[in-house]
Amino acid sequence: EYDGFFNYGIYKKWPKKWPKKIWFISKKDNIDQLWSEFEFWFPKGHYDTELVPDKSKDGKTYVRHVKWADMGWEMVFKTWDQDEAVFEGGNVGIVLFDEPPPQHIYASAQWRIRKGGIIILAGTPLTGAGYLQDEFIMNDRLWSKVGGHRKKTKFWMRTDMYSNCIETAGYWDLGIYGLHRKGVLSLDYVENRRDTNKEDPDVIEARVFGLMKHLTGVVYKQFKSDIHVVDHDFIDQTNGNNYRMIIDPHDRRPPFVIWVELDRFNRQKIIREYPSWDDPWYHGRAYHTIDTDKYTIAVHIQRMIEIERDELKIHPDNIDRIMDPNFGKKPIRSTNRTVSEEYAHISREKKYPMQFDVSVDNDIKSGHAQVKELLRIDNYGDPIFTVYRKCRNVIMAFQRYAYREYSGKDSKENRGYAEEVKELHKDPMDVVRYHAKKGEWKHRFVFALPENKDYDFKRERPTQKTQTSNKIY
């Protein structure tokens, strides 16, 4: 009953209630190239095919259907450039990706196996696949309840290009379909790719050795979650810490804001972001997914006041305030004020005056360098800049904020990545960059230790209250 290609355990033990339908999803060019390989693996006469024009693309893209009537299986070929609706319907038993797809397609595929099935994702996880790092390596939900039992439902396996070499990989015995080589690459080709000087070393490591290179092209590779992400602790107002608020306002989206704490050891910590995933107003959405905003500037300012006054309990006189120097200087015709002046005006109306500095240097390249300096480790092995774990938009942006890749003719003439950055996750990184570029803090402080000098360095604050001053010097 199970001949050739289907004479393997995955098909012989296929659950009866699972659909016998396969989706193969890739780029259009890859599908065109794959078809000749498909015909090599499955000689004609053992399956039926049909071509169906995709109406959503005016017939320019075609979906190939393949049916093995004797086995009861069928395969549908889909491409990334098809309309999203193409991925929304139907029940599928196996979804195959030959390269990491856009995240929305991967998300849709997970819903297609709702009656039971598997997703197989093969490929080189480079810059566009940062979500795979979250999905398979950093994700606590690799384990799920299946039949009342806790079972691992997601697996990640790494292979190198040598396992795909013609000389070493061996053969597939496909019964009626014959013997087929497992490898498709020559050993010389692999060695040449490894020794070449024309590609970024990170890319070579990812392609040749299969290493998860989600950091390839990422601007801040120095950011390490196990070092720079810390748990929330008590904000002690007796310790003389100073604070900085940095805001990046927008026309049609909510402003993105962070609050940074500076302690007497010159260590800096992002202690709050707005909006955060935990704030109720955007239903737990990540900031980069929020494309519209129904709230006014006055509403946002009121929330910022409540965060400072009621949650962080920071005195407003002890906060530096910085605004995006480009948008902050933008004039508002209806009020004859700039954006920064409008924010300041509304805050004064609420009896909580905020004054914003819009003079910060906006040079991106030097800003990147200064953020990288913030991420360095001090002589004692400790970071000087950290982020509270609850500030997930900032953390995600650090992990995914990347340079634009060269494309087309540029890729042959230039190696690596352009200086321009991608727009995705740019806003949280902009406010961090403004903070780094500003450098010196407006508010400084003087400490007076207790007379007995009984100091608890582990807690990093005096064991009894000290006299502090916010005097500028």
Side-chain angles (χ1 to χ4, degrees), residues 228-248 255-274 276 301 303-325 328 340 343-344 347 352-361 367 370-371 373-376 378 380 382-388 390-391 394 428 430-450 455-457 459-473:
H228 294 102
V229 178
V230 296
D231 292 317
H232 182 275
D233 57 10
F234 175 65
I235 299 177
D236 185 0
Q237 294 304 309
T238 67
N239 61 13
N241 290 354
N242 284 303
Y243 300 88
R244 176 175 286 167
M245 168 198 185
I246 310 98
I247 179 171
D248 186 8
F256 189 80
V257 190
I258 61 171
W259 284 264
V260 184
E261 178 188 70
L262 173 71
D263 69 14
R264 57 190 174 280
F265 304 109
N266 203 36
R267 292 174 304 195
Q268 302 169 42
K269 183 188 304 176
I270 298 179
I271 58 175
R272 185 61 155 92
E273 66 181 13
Y274 172 81
S276 79
I301 289 179
R303 289 173 184 166
M304 296 173 202
I305 293 173
E306 292 170 358
I307 288 172
E308 293 181 3
R309 183 187 61 203
D310 304 331
E311 180 182 335
L312 300 178
K313 302 185 186 305
I314 304 173
H315 195 283
D317 291 342
N318 203 26
I319 306 175
D320 291 347
R321 303 188 191 275
I322 299 171
M323 183 176 285
D324 172 5
S340 64
Y343 271 76
S347 69
Y352 195 95
M354 299 180 181
Q355 193 68 33
F356 297 92
D357 183 351
V358 292
S359 66
V360 65
D361 181 6
Q370 288 177 272
V371 174
E373 176 64 19
L374 272 183
L375 295 173
R376 68 178 174 84
D378 66 18
Y380 298 97
D382 294 324
I384 63 172
F385 180 85
T386 55
V387 183
Y388 272 173
K390 65 180 182 179
C391 300
V394 174
D430 279 349
V431 293
V432 172
R433 178 165 52 83
Y434 300 148
H435 164 66
K437 290 290 289 184
K438 186 60 180 178
E440 288 296 321
W441 291 56
K442 176 181 177 182
H443 298 283
R444 304 299 298 274
F445 35 72
V446 177
F447 294 94
L449 291 176
Y455 196 79
D456 184 350
F457 285 95
R459 293 178 62 219
E460 299 175 346
R461 56 178 180 264
T463 55
Q464 65 183 73
K465 290 186 177 180
T466 63
Q467 297 296 321
T468 63
S469 170
N470 290 325
K471 181 171 63 177
I472 301 175
Y473 67 88

**Prompt:** Do Tyr352 and Glu308 get their side chains close enough for a donor-acceptor pair, meaning under 3.5 Å?
**Reply:** yes
**Prompt:** Taking atom types as modelled and ignoring hydrogens, do the side chains of Asn241 and Asp263 form a donor-acceptor contact shorter than 3.5 angstrom?
**Reply:** no
[atom1]-[atom2] distance between [X] and [Y], expressed to the nearest 0.5 angstrom:
{"X": "Arg321", "Y": "Tyr243", "atom1": "CZ", "atom2": "OH", "value": "13.0 Å"}
{"X": "Asp430", "Y": "Ile246", "atom1": "CG", "atom2": "CD1", "value": "12.0 Å"}
{"X": "Ile247", "Y": "Tyr434", "atom1": "CD1", "atom2": "OH", "value": "11.5 Å"}
{"X": "Asp324", "Y": "Ile322", "atom1": "CG", "atom2": "CD1", "value": "11.5 Å"}
{"X": "Lys390", "Y": "Asp231", "atom1": "NZ", "atom2": "CG", "value": "11.5 Å"}
{"X": "Ile271", "Y": "Tyr388", "atom1": "CD1", "atom2": "OH", "value": "6.0 Å"}

Heavy atoms, side chains only, cut-off 4.5 Å: are [X] and [Y] in contact?
{"X": "Ser359", "Y": "Lys438", "result": "yes"}
{"X": "Ile258", "Y": "Val394", "result": "yes"}
{"X": "Ile307", "Y": "Val257", "result": "no"}
{"X": "Ser347", "Y": "Met304", "result": "no"}

**Arg303 with Glu306: basic N within carboxylate O range, under 4.0 Å** = no
**Request:** With sequence neighbours left out, write down each residue that passes ring-ring contact (aromatic ring centres under 6.0 Å, His included) with Phe385, or none if nothing qualifies.
**Result:** none
What are the two closest heavy atoms between [X] and [Y], and how far apart are they?
{"X": "Leu374", "Y": "Ala436", "answer": "CD1-CB, 3.8 Å"}
{"X": "Ile305", "Y": "Met354", "answer": "CG1-CE, 3.8 Å"}
{"X": "Pro383", "Y": "Thr386", "answer": "CG-CG2, 3.6 Å"}
{"X": "Lys437", "Y": "Val360", "answer": "CB-CG2, 3.7 Å"}

**Message:** Under the rule for side-chain contact (heavy atoms from CB on, under 4.5 Å), what residues qualify as partners of Val358, not counting sequence neighbours?
**Reply:** Met323, Lys329, Ser340
**Asked** Would you find a donor on one side and an acceptor on the other, under 3.5 Å apart, between the side chain of Arg244 and the backbone of His435?
**Response** yes
**Prompt:** For the side chain of His228 and the backbone of Leu375, is there at least one donor-acceptor N/O pair under 3.5 Å apart?
**Reply:** yes
